[in-house]
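Here the structure is a predicted model, which means the values were calculated and not measured.
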Amino acid sequence: MKKTINERVAEMLSLPADMGGVSTVVKIVGTEEITVDGYRGIIEYTENTVRLNTAKFIIKINGSNLVLKEAAAEFITISGIINGVEYVL
């Protein structure tokens, strides 16, 4: 399989895969905040469920009072009461 330019640059510079834009990084802070770096879009957004598209899977966040705290092209931060996180292939 042919490598993308990001993968080749990351490899040449000996960077971790996520630094080259290849993977998704999920950071969970307690039960109140989650940040997803490398998401590709929002599939679903309600007060109780957020589903995010990534390069390889869908991340489903379940909880209550879920709010998009911050969103940029590269990452998204969701706050509220997080009850669970699922990775759907």
Is there a chain of hydrophobic side chains (I, L, V, M, F, W, Y, each step under 4.5 Å between heavy atoms) that links Val85 to Ile81?
-> no
Between Tyr39 and Ala72 the two heavy atoms that sit nearest each other are OH-O, 2.9 Å
Hey, could you give me the CD1/CD1 distance between Ile82 and Ile28, rounded to the nearest 0.5 Å?
-> 6.5 Å
What are the two closest heavy atoms between Asn62 and Glu86, and how far apart are they?
-> ND2-OE2, 3.1 Å
dist Leu52:CG -> Ile76:CD1 (nearest 0.5 Å) comes out at 5.5 Å
side-chain hydrogen bond (donor to acceptor under 3.5 Å, both in side chains): pairs with one or both residues in residues 68-77, sequence neighbours excluded | Glu33-Lys69, Thr35-Thr77
Any link between Leu89 and Val25 through a network of hydrophobic side chains (Ile, Leu, Val, Met, Phe, Trp, Tyr) touching at under 4.5 Å?
-> no
Would a hydrophobic clustering, with Ile, Leu, Val, Met, Phe, Trp and Tyr connected at side-chain separations under 4.5 Å, put Phe75 with Val29?
-> no
Transitive ILVMFWY side-chain link Leu68 to Ile58, under 4.5 Å = no
Worked verdict on Leu66 versus Thr49 for side chain to side chain contact (heavy atoms under 4.5 Å, CB included) | CA-CA 7 Å; Leu66 299 177; Thr49 302; 5.6 Å; no
Reported CD-to-CG distance for the pair Glu44 and Asn53, which is rounded to 0.5 angstrom = 13.0 Å
OG1 of Thr24 to CD1 of Ile59, rounded to nearest 0.5 Å, is 6.0 Å
CD on Glu32 to OG on Ser79, rounded to 0.5 Å | 9.0 Å
Report yes or no: do Ile43 and Val67 belong to one cluster of Ile/Leu/Val/Met/Phe/Trp/Tyr joined by side chain heavy-atom distances under 4.5 Å?
-> no
Of all heavy-atom pairs linking Tyr45 and Val50, the shortest is CD1-CG2, 3.6 Å
